[in-house]
Structures are given as C-alpha cells and as structure tokens.
Novice: 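This is the structure, below, for whatever I ask next.
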Amino acid sequence: MKLKDFASVIKDTTTVLEINSVKDKDKVKALFRRAEAKANDLDSGMTDLKDALQISPEDKDIKNLLAKYTHLLQEKKKKEKAAYAKMFA
C-alpha cells in the first residue's frame with residue numbers, strides 16, 4: 001500500500017480471500033486492505049468493509065474507514081446532484 005500499487009493490493013488480497021482455510025482475522029485484514037485500495041471505488045470498498053465488520057464487529061479501524069467512505073459517498077452524491085441540477089435548470 002505504501003507504494004500506491006493499488007491494483008496489486010486488490011489482486012493479492014482477493015487471492016487471500018479465495019483460500020478457504022484462511023482464518024477470520026486474516027480475512028478481516030485482507031478485506032480492510034482491499035477496501036483501502038479501493039478508495040476510488042467507494043461502493044465496492046464499503047462492501048468489503050461491511051463484510052469485515054460482520055466478522056469483527058468491534059474493530060474501530062473498520063468502523064472509522066466505513067464512516068469516512070460513507071461521508072465521501074454522500075459528498076459525491078451531493079456534487080452529482082448539484083451538477084445535474086445545473087444541467088437541467
């Protein structure tokens with residue numbers, strides 16, 4: 001993640017999640033890392049975070065990132081709504 005190679009992170013974490021014998025704590029970590037890498041695809045990132053939260057409902061990092069993505073998604077929708085309002089006004 002530090003190298004900003006998000007495509008590689010998404011690929012690697014997806015591979016981890018496809019392994020049936022992966023422990024829950026490792027699934028949570030993979031889902032969280034994949035959600036971080038999907039910052040440009042908030043809907044998909046939020047899906048990963050919600051899945052991680054089902055496994056680890058008390059995880060504060062997951063809750064914080066989910067709240068951040070929710071806020072960003074709301075802001076994005078507001079901007080889109082304003083842009084469409086100007087187009088059709």
Novice: Keeping Y69 on the side-chain end and L49 on the backbone end, is there a donor-acceptor pair under 3.5 Å?
Specialist: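 Checking the backbone N and O of L49 against the side chain of Y69, no donor-acceptor pair under 3.5 Å is found.
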
Novice: Can L65 be reached from L17 by stepping across I, L, V, M, F, W or Y side chains whose heavy atoms are under 4.5 Å apart?
Specialist: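 Both belong to a single hydrophobic cluster.
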
Novice: Are there over 12 heavy-atom neighbours, none belonging to N40, within less than 6.0 Å of that residue's CG?
Specialist: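 12 or below, so no.
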
Novice: Using every non-hydrogen atom in the two residues, find where G45 and A35 come nearest and quote the distance to one decimal.
Specialist: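 Between these two residues, the closest heavy atoms are O-CB, 3.4 Å.
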
Novice: Measure the CG-CG distance between D59 and N64 for me, rounded to the nearest 0.5 Å.
Specialist: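 Atom-to-atom, D59:CG and N64:CG are 9.0 Å apart.
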
Novice: In terms of hydrophobic clustering (I, L, V, M, F, W, Y; side-chain heavy atoms under 4.5 Å; direct or indirect links), are V16 and I55 co-clustered?
Specialist: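 V16 and I55: separate clusters.
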
Novice: Would you check, one step at a time, whether the test salt bridge (Lys or Arg N to Asp or Glu O under 4.0 Å) holds for E80 with K77?
Specialist: CA-CA 5 Å; E80 288 174 356; K77 287 181 181 182; over 6 Å; no

Novice: Are L73 and L31 connected into the same hydrophobic cluster when the rule is that any two of I, L, V, M, F, W, Y join if their side-chain heavy atoms are below 4.5 Å apart?
Specialist: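 Yes: a chain of side-chain contacts under 4.5 Å links L31 to L73.
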
Novice: Apply the side-chain contact (heavy atoms from CB on, under 4.5 Å) test between K38 and each candidate in I10, T47, T13, D43; give the one that qualifies.
Specialist: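 Among I10, T47, T13, D43, the one that satisfies the side-chain contact (heavy atoms from CB on, under 4.5 Å) with K38 is I10.
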
Novice: Can you establish whether the number of heavy atoms outside K29 located under 6.0 Å from its atom NZ is more than 12?
Specialist: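 No - once you tally the heavy atoms of other residues, nucleotides and ligands closer than 6.0 Å, there are 12 at most.
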
Novice: In Å, rounded to the nearest 0.5 Å, how long is the span from CG of L66 to NZ of K50?
Specialist: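 Reported to 0.5 Å precision, the distance equals 6.5 Å.
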
Novice: Report yes or no: does S56 contribute a side-chain atom to a donor-acceptor pair with the main-chain N or O of A52 at less than 3.5 Å?
Specialist: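 Answer holds: no.
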
Novice: Using the rule that two of Ile, Leu, Val, Met, Phe, Trp, Tyr join whenever any of their side-chain heavy atoms come within less than 4.5 Å, decide whether V28 and V22 are in one cluster.
Specialist: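 They do not share one cluster, since no chain of ILVMFWY contacts under 4.5 Å joins V28 to V22.
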
Novice: Would you give the length of the straight line joining atom OG1 of T14 to atom CZ of R33, rounded to the nearest 0.5 angstrom?
Specialist: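 With rounding to 0.5 Å, OG1 (T14) is 14.5 Å from CZ (R33).
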
Novice: Could you grab the distance from atom NZ of K68 to atom CD of E36, nearest 0.5 Å is fine?
Specialist: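 It is 8.5 Å, given to the nearest 0.5 Å.
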
Novice: Same cluster or not: L42 versus L53, using hydrophobic residues (I, L, V, M, F, W, Y) connected whenever any side-chain heavy atoms lie under 4.5 Å apart?
Specialist: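 Yes: a chain of side-chain contacts under 4.5 Å links L42 to L53.
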
